[in-house]
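Take a look at the structure below.
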Number of protein chains: 2
Amino acid sequence: MSKPAFSRAEPDARRQSLIEATARVLARDGATGASVRAIALEAGVSPGLVGHYFAGIDGLVAETYAAVGQQVHVALAAAVAAAGDDPRDRVAAYVTASFAPPIADRALFATWIAFWSLSAKPIIAARHDALYQSYRDDLEALLAACGLPAADRRLVAIAITALVDGLWLELCLSPGNFTPGEARVLAERQLESYFDRSAKSSR
Amino acid sequence: MSKPAFSRAEPDARRQSLIEATARVLARDGATGASVRAIALEAGVSPGLVGHYFAGIDGLVAETYAAVGQQVHVALAAAVAAAGDDPRDRVAAYVTASFAPPIADRALFATWIAFWSLSAKPIIAARHDALYQSYRDDLEALLAACGLPAADRRLVAIAITALVDGLWLELCLSPGNFTPGEARVLAERQLESYFDRSAKSSR
DNA sequence: ATTCCTATTATACGATTGTACAACAAGCAA
DNA sequence: TTGCTTGTTGTACAATCGTATAATAGGAAT
């Protein structure tokens with residue numbers, strides 16, 4: 001007669017559902033809004049469950065960092081895959097994907113800022129290090145396919161990543177100062193300059 | 001016989017003292033630690049004074065943003081002044097000053113992240129817009145002195161600022177991935193590429 | 001010495017925070 | 001059907017949050 005007051009879930013599914021709820025709250029309300037109660041409400045469970053599955057709110061946010069970072073990775077990989085086979089096109093696609101949805105997005109920006117604001121905690125800093133290293137590794141592989149000398153790849157990847165991050169940041173913080181199209185032009189221009197330089201020095 | 005329990009201060013001096021205390025708390029404990037009580041304790045006054053002088057905690061943080069932003073401006077201007085008279089040297093000094101103290105500093109990073117995390121509030125966003133516009137204006141003036149065509153200045157200033165911000169960010173978040181010296185090399189290399197390009201196209 | 005203005009303090013208030021824990025019940029095993 | 005395991009709930013707890021306000025007292029003016 002009475003319908004169940006709650007239902008049990010597979011531990012992994014429940015964890016995943018809490019992580020996704022955290023991502024939504026972070027995107028909507030930023031770091032200050034991501035309380036245990038708000039997350040539990042968003043996930044449709046009771047506040048006590050957070051403590052049951054994660055090492056406090058910090059542990060949950062750290063795992064959410066990894067999950068959202070992985071989603072960005074997937075979005076970038078999709079952009080590369082859609083670019084075809086030409087190595088130059090693939091690098092350009094990887095770089096400029098950051099200036100269009102779903103990556104250039106105020107909600108994702110709020111999420112990212114929340115992660116950065118917790119970077120004083122070692123567990124969050126470790127997540128960041130691993131994630132950004134994987135981004136640079138991806139970029140280095142794409143650069144290698146373009147024939148960029150191995151000796152140049154590391155620093156070029158650092159520079160490209162920094163430029164893209166900086167443009168993405170300002171694009172989210174002050175849209176109106178420049179357009180996503182201009183960001184794209186600037187990023188592609190810098191890519192060309194590195195290829196030209198390496199072609200020149202290898203001659 | 002009894003010494004005064006407190007002393008009155010010139011309104012401007014008291015405001016300044018509260019702003020400086022806020023900057024210190026932000027630098028030490030980040031956004032989450034910047035409570036009215038913590039700031040008042042740091043300034044050596046009672047919590048009630050914050051409400052007396054500022055429009056709540058948000059107003060105080062917004063004014064602190066302007067003050068800290070001004071300090072950064074001063075530090076950059078000092079680096080330029082110390083660089084001598086050659087326009088190229090001056091631009092290089094402006095750009096690379098971000099990779100050395102007092103700008104490349106974890107405490108300033110924590111402060112900056114705190115500002116960004118509040119950028120959803122219009123009062124903070126407005127401060128950011130004004131501040132970053134002034135940074136780009138400074139850079140454009142330095143670029144103009146180097147003979148960069150007026151038509152190129154805006155986008156070049158945007159690109160340089162983005163690269164520097166991105167490098168500064170990663171330098172603060174993950175020191176160890178690359179050195180301040182490498183960041184300097186990358187920034188100067190990009191500057192050169194823009195000057196080369198403009199020299200080529202104006203020929 | 002006295003008066004007065006107001007900067008400053010101290011406290012109270014309701015709301016919200018993260019965590020801990022006892023009680024409950026869903027759902028599988030027997 | 002009965003029992004058992006444990007995922008889940010609901011709440012209590014102390015701490016902290018921002019803000020408002022009455023009371024206090026510094027310090028200049030008279």
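Protein chains get the first letters and strands the later ones, always in sequence-line order, with residue 1 at the start of each.
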Problem set entry | Residues B:Glu42, B:Arg24; criterion salt bridge (charged side-chain N to carboxylate O under 4.0 Å, His left out); working and verdict | CA-CA 8 Å; B:Glu42 175 74 27; B:Arg24 286 195 300 274; 2.6 Å; yes
For this session: Using atom CD1 of B:Ile39 as one end and atom P of C:dT9 as the other, report the distance to the nearest whole Å.
Result: 15 Å
For this session: Take atom CG of B:Leu118 and atom P of D:dC17, then tell me their distance rounded to the nearest Å.
Result: 15 Å
For this session: Check each residue of residues 43-60 of chain B for a non-hydrogen atom within less than 4.0 Å of any atom in DNA chain D, then write out the ones that pass by number, or none.
Result: B:Gly56, B:Ile57
Every protein N/O lying under 3.5 Å from an N/O of nucleotides 28-30 of chain D:
none

Problem set entry | Euclidean distance, atom CG of residue A:Asp12 to atom P of D:dG7 [Å, nearest integer] | 12 Å
For this session: Please report, rounded to the nearest Å, how far the P atom of D:dC4 is from the CZ atom of A:Arg8.
Result: 15 Å
For this session: Indicate whether any N or O donor in one side chain lies under 3.5 Å from an N or O acceptor in the other, for A:Gln133 and A:Asp137.
Result: yes
Seminar exercise, completed: In terms of heavy-atom contacts, A:Trp112 and A:Gly69 come closest through CH2-CA, 3.9 Å
Exercise. Can you find a side chain N or O atom of A:Ser35 that sits less than 4.0 Å from OP1 or OP2 on C:dT16?
Worked result: no
For this session: For the pair B:Tyr135 and B:His73, evaluate side-chain hydrogen bond (donor to acceptor under 3.5 Å, both in side chains) and give the outcome as yes or no after the intermediate values.
Result: CA-CA 8 Å; B:Tyr135 291 154; B:His73 174 81; over 6 Å; no
Exercise. So, is B:Arg14 close to the C:dT8 phosphate, meaning a side-chain N or O under 4.0 Å from OP1 or OP2?
Worked result: yes
Exercise. With the threshold set at 4.0 Å, does a side-chain nitrogen-carboxylate oxygen contact exist between B:Glu188 and B:Arg184?
Worked result: yes
Exercise. To the nearest Å, how far apart are B:Leu41 CG and D:dC17 C1'?
Worked result: 16 Å
Exercise. Does the pair A:Leu26 and A:Phe115 meet the rule for a side-chain contact (heavy atoms from CB on, under 4.5 Å), with working shown?
Worked result: CA-CA 9 Å; A:Leu26 243 22; A:Phe115 293 143; 3.9 Å; yes
Exercise. How is B:Arg37 classified with respect to the nucleic acid when contacts are heavy atoms under 4.0 Å: base, sugar-phosphate, or nothing?
Worked result: base
Seminar exercise, completed: For A:Leu76 and A:Ser98, the nearest pair of non-hydrogen atoms, with its separation, is CD2-OG, 4.2 Å
Exercise. Which of parallel (below 30°), tilted (30 to 60°) and perpendicular (above 60°) describes B:Trp168 and B:Trp116?
Worked result: perpendicular
Exercise. How close or far is atom P of C:dT16 from atom CG of A:Asp29, stated in whole angstroms?
Worked result: 13 Å
For this session: Using the ring of B:Phe195 (Phe, Tyr or Trp, six-membered ring only), decide whether B:Arg88 places NZ or CZ under 6.0 Å from its centre and within 45 degrees of its axis.
Result: yes
